[in-house]
Amino acid sequence: MFTPKVSVIVPVYNLENCIERSINSLQNQTYQNIEIIIVDDGSSDNSLSIIERLAATDTRIIYRSQPNGGAAKARNTGLSLATGDYITFVDGDDMLSPNAISDNI
């Protein structure tokens with residue numbers, strides 16, 4: 001049976017207080033065939049170091065850091081990295097329920 005891959009693109013800018021919770025909510029999805037693409041858009045806080053730490057423990061996390069260019073540019077960077085059959089966007093301060101992806105596949 002074909003299990004489509006879902007690319008979840010997360011633009012991040014100075015979200016050190018909430019990015020870990022947001023990423024954890026993606027890691028804890030019941031639907032496991034996902035890639036989590038995080039684009040740090042020139043954060044000046046500790047967002048990038050949090051992302052790097054989480055990426056070191058989960059091979060589904062792909063991240064890039066770029067100079068600040070705004071959310072649209074960060075989303076476009078994420079799109080260029082995506083390999084999924086489906087793509088969705090999640091803001092870096094959002095938390096998804098554990099079935100959010102499986103309920104919408």
Side-chain angles (χ1 to χ4, degrees):
M1 179 175 170
F2 174 67
T3 305
K5 182 190 233 180
V6 178
S7 298
V8 182
I9 299 172
V10 185
V12 174
Y13 180 73
N14 289 344
L15 294 174
E16 70 181 359
N17 293 327
C18 54
I19 189 58
E20 187 163 359
R21 281 189 320 253
S22 181
I23 294 170
N24 288 162
S25 79
L26 297 172
Q27 291 174 301
N28 294 324
Q29 289 296 300
T30 57
Y31 191 85
Q32 291 291 301
N33 194 18
I34 64 173
E35 64 181 0
I36 304 165
I37 302 170
I38 306 166
V39 181
D40 179 75
D41 193 39
S43 294
S44 59
D45 65 0
N46 291 317
S47 295
L48 182 57
S49 62
I50 294 166
I51 294 163
E52 290 172 332
R53 177 174 49 80
L54 295 170
T57 64
D58 191 335
T59 59
R60 297 174 300 164
I61 297 175
I62 301 162
Y63 72 93
R64 291 293 181 271
S65 182
Q66 65 185 29
N68 183 258
K73 185 174 182 183
R75 287 185 182 98
N76 285 334
T77 297
L79 283 170
S80 72
L81 299 170
T83 63
D85 301 295
Y86 297 103
I87 296 173
T88 190
F89 297 96
V90 173
D91 289 336
D93 58 355
D94 289 345
M95 288 181 47
L96 298 185
S97 66
N99 294 323
I101 294 175
S102 63
D103 286 350
N104 289 289
I105 273 291

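Along the sequence shown, residues are numbered consecutively beginning with 1.
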TODO: Decide yes or no on side chain to side chain donor-acceptor pair (under 3.5 Å) for S7 and E35, but give the supporting numbers first.
DONE: CA-CA 5 Å; S7 298; E35 64 181 0; 2.5 Å; yes
Smallest separation among heavy atoms of [X] and [Y], with atom names:
X	Y	result
S80	T77	OG-O, 2.6 Å
S22	G92	CB-O, 3.3 Å
S43	V12	OG-O, 3.8 Å
L54	Q27	O-NE2, 4.4 Å

Answer yes or no: is there a side-chain heavy-atom contact under 4.5 Å between [X] and [Y]?
X	Y	value
P4	N33	no
P98	Y31	no
N24	R21	no
F2	D85	yes
V6	I105	yes
Y63	I37	no

Tell me whether [X] contacts the main-chain N or O of [Y] through its side chain, where contact means a donor paired with an acceptor under 3.5 Å.
X	Y	result
Q29	S25	yes
D41	G70	yes
S47	E16	yes

Please report the interatomic distance [atom1]([X]) to [atom2]([Y]), rounded to the nearest 0.5 Å.
X	Y	atom1	atom2	result
I101	L26	CD1	CG	6.0 Å
D58	I34	CG	CD1	8.0 Å
I19	D45	CD1	CG	10.0 Å
E20	N46	CD	CG	11.5 Å

Task: Test side-chain contact (heavy atoms from CB on, under 4.5 Å) applied to V90 and I9, I38, L96, the passing residue - done: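 Among I9, I38, L96, the one that satisfies the side-chain contact (heavy atoms from CB on, under 4.5 Å) with V90 is L96.
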Open item on the list: I'd like to know whether V8 forms a side-chain contact (heavy atoms from CB on, under 4.5 Å) with V10, so could you lay out the CA-CA distance, the side-chain angles of the two residues, the decisive distance to 0.1 Å, and finally the verdict.
Closed with: CA-CA 7 Å; V8 182; V10 185; 4.2 Å; yes
Task: Stepwise side-chain contact (heavy atoms from CB on, under 4.5 Å) test for T83 and K5 - done: CA-CA 8 Å; T83 63; K5 182 190 233 180; 3.0 Å; yes
TODO: Not counting sequence neighbours, list each pair that qualifies as a side chain to side chain donor-acceptor pair (under 3.5 Å) and has a residue in residues 91-102.
DONE: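 Non-adjacent pairs meeting side chain to side chain donor-acceptor pair (under 3.5 Å): T30-N99, T30-S102, R75-D91.
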Open item on the list: Taking side chain to side chain contact (heavy atoms under 4.5 Å, CB included) as the definition, give me every residue that meets it alongside N17, ordered by chain and number, with sequence neighbours left out.
Closed with: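 With neighbours one apart ignored, the set is empty.
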Task: Test side chain to side chain contact (heavy atoms under 4.5 Å, CB included) applied to N76 - qualifying residues, sequence neighbours left out - done: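 Side chain to side chain contact (heavy atoms under 4.5 Å, CB included) list for N76, sorted by chain: L79.
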Open item on the list: Could you see if Y13 belongs to whatever hydrophobic cluster contains I36? Use Ile, Leu, Val, Met, Phe, Trp, Tyr and a side-chain cutoff under 4.5 Å.
Closed with: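 Each belongs to a different hydrophobic cluster.
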TODO: Just do the side-chain contact (heavy atoms from CB on, under 4.5 Å) check on I51 and I23 with the steps written out, would you?
DONE: CA-CA 8 Å; I51 294 163; I23 294 170; 4.2 Å; yes
